[in-house]
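Below is one structure, written out as structure tokens, with a few remarks after it.
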There are 2 protein chains.
Amino acid sequence: MTVVLSLKNKKVAVRMKAVSAAENGENDRRGRKASKETRRQQLIEATIDSLAKRGYAETTLADVADGAGLSRGIVNFHFESKEKLLIATLQFMADEYAAHWNAALEKAGEATSSKVWALVAADFDRKICTKRKLAAWCAFWGEAKSRPTYQALCGARDVKYQDLIVALCAQLKAEASYSYDAETIALALSAMMEGLWFRLMMGDGLTREKAHAAAVEYLVTVFPGHMTHQGPK
Amino acid sequence: MTVVLSLKNKKVAVRMKAVSAAENGENDRRGRKASKETRRQQLIEATIDSLAKRGYAETTLADVADGAGLSRGIVNFHFESKEKLLIATLQFMADEYAAHWNAALEKAGEATSSKVWALVAADFDRKICTKRKLAAWCAFWGEAKSRPTYQALCGARDVKYQDLIVALCAQLKAEASYSYDAETIALALSAMMEGLWFRLMMGDGLTREKAHAAAVEYLVTVFPGHMTHQGPK
DNA sequence: ATATATTGAATGAATATTCAGCAAGTATGT
DNA sequence: ACATACTTGCTGAATATTCATTCAATATAT
């Protein structure tokens with residue numbers, strides 16, 4: 001081991017870094033023999049990195065392995081194929097996203113307006129709304145139309161989410177006397193949030209705060225009886 | 001020539017179709033000896049087809065050549081490399097998009113509200129807003145963050161467009177007494193249109209008409225002094 | 001000791017690129 | 001009118017490259 005150190009200096013350094021990055025988790029065994037789940041998670045994180053840095057088409061297993069500080073064959077050992085790694089990565093992001101807005105909904109008050117406000121805020125939370133993750137999402141979007149599996153997972157964002165937003169908008173309409181069609185407003189709102197995500201990813205100096213402010217401005221305008229710039233009434 | 005017909009039946013048939021598709025242009029020489037520009041355009045169209053059908057990562061030169069009804073080496077003959085073909089394709093789409101909204105702006109009346117209305121309508125016009133083209137755009141978006149050349153061309157949509165929208169919103173604000181910040185509203189509006197494009201591409205049964213209606217609903221709500229559901233006041 | 005995780009070189013498949021040759025047009029000379 | 005050389009667009013087999021996958025050897029943990 002120490003014999004080869006002079007030759008492998010660089011690589012060892014990289015691996016140290018990668019391992020210490022994985023330390024965050026609770027399941028904190030390191031180096032050789034990290035638990036199966038830990039390794040998988042580490043590889044998924046490396047995949048997100050690669051997708052964000054190089055895009056879908058340029059993401060190679062070699063790059064993922066390097067990013068994780070592990071050797072070439074590692075992905076095929078823990079996932080069976082590149083395809084399955086990518087699906088697991090997308091699945092992870094979809095689960096994380098869903099868990100995040102569900103949690104936000106839990107924490108929000110009973111009032112419909114509080115729920116809407118919380119959902120919008122959740123979309124621009126630091127935890128979810130990273131350039132890195134947005135870029136990874138976008139990499140998948142580009143391939144989603146031609147791959148049913150991706151489409152299903154990208155759309156997982158909508159299946160329940162969209163229904164919820166529509167229901168909440170309908171609720172708000174019933175509470176006050178807004179004239180708009182609930183579905184139209186729900187569509188406009190969620191499309192706008194997606195568009196803001198997209199702009200954030202493209203990164204023309206748009207910040208999370210400004211994006212959130214734009215969404216809030218919309219809420220206040222459309223639901224004047226329920227929202228203020230500071231929060232739900 | 002006739003000797004090989006029995007063997008090449010299928011191929012010949014495909015080529016006939018491809019050639020007749022290229023007939024639309026003015027420069028209508030066919031078969032062998034189509035002008036250089038015509039051939040390039042034909043290959044660009046085939047590239048858009050492939051991007052839309054198979055996504056960026058799965059688009060191969062073989063597929064493009066087949067789609068155009070031409071032989072394998074053709075792309076490297078007319079463009080130098082796959083990369084250059086893709087850049088030319090994106091350039092074409094960006095030019096077409098810019099020309100389209102500029103034309104819409106020309107045709108619109110002098111009033112600021114007419115211009116805004118025209119820009120929004122242009123975005124959902126049949127000519128631009130095809131599933132095929134949206135899918136091709138999306139394929140590029142996924143790679144744009146990692147490739148400066150793509151990013152510049154995808155962003156070409158904003159450089160002037162975004163400035164114009166901001167200026168028009170500021171103008172509307174000055175004409176009536178809206179309280180919003182013009183930049184915020186402009187951001188919200190254009191983000192929403194991008195998000196609607198995205199949803200159209202993903203194709204959850206959303207139609208161009210419904211998407212346009214959602215955008216109009218927004219205009220009416222934000223600029224009540226200037227807009228009605230039927231058009232600018 | 002055995003089982004398990006990991007490595008990294010070898011393999012093979014996919015595919016971009018090259019290029020020698022062919023065919024259709026075009027110009028020039030007789 | 002016909003023949004000849006020359007240009008240009010195109011073909012498709014051969015080559016080079018990139019990369020996912022495999023697997024025998026090795027290291028580590030229990």
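In the text below, chain A, chain B and the rest are named by the order of the sequence lines, each starting its count at 1. These numbers come from the heavy atoms of this one structure, side chains and all, not from hydrogens, waters or symmetry mates.
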Rounded interatomic separation in angstrom, taking CG from Asp63(B) and P from dT15(C): 10 Å
Lys36(B) NZ to dG25(C) C1', straight-line distance once rounded to whole Å: 14 Å
Side chain of Arg72(A) (C-beta onward), nearest among dC19(D), dG8(C), dG12(D): dG8(C)
Show every donor-acceptor pair shorter than 3.5 Å between a side-chain atom in residues 115-125 of chain B and any protein atom, with sequence neighbours excluded, or say none if there are none.
residue, atom, partner, partner atom, Å
Asp123(B), OD1, Tyr97(B), OH, 2.5
Asp123(B), OD2, Arg157(B), NH2, 3.0
Asp125(B), OD1, Lys127(B), N, 2.8

Sorted by number, the residues of residues 73-88 of chain B with heavy-atom contact under 4.0 Å to DNA chain D: Gly73(B), Ile74(B), Phe77(B), His78(B)
Listed partners of Lys133(B) passing salt bridge (charged side-chain N to carboxylate O under 4.0 Å, His left out), at least two apart: Glu96(B)
Sequence-distant partners of Thr184(A), side-chain hydrogen bond (donor to acceptor under 3.5 Å, both in side chains), two or more places apart: Asp181(A)
Glu209(A), CD atom: more than 12 neighbouring heavy atoms under 6.0 Å: yes
Euclidean distance, atom CG of residue Leu61(A) to atom P of dT11(C) [Å, nearest integer]: 20 Å
Residues which pass ring pair (Phe, Tyr, Trp, His ring centres under 6.0 Å) with Phe140(A), listed by chain and number, not counting sequence neighbours: Tyr150(A)
From dC19(D), dT6(C), dG12(D), nucleotide with atom closest to Arg39(A) side chain: dT6(C)
Rounded distance in Å - CD (Glu58(A)) to C1' (dA16(C)): 13 Å
Listed partners of Phe92(A) passing ring pair (Phe, Tyr, Trp, His ring centres under 6.0 Å), at least two apart: none
Nearest-nucleotide pick for Ser71(B), side chain only, options being dT7(C), dT11(D), dA20(D): dT11(D)
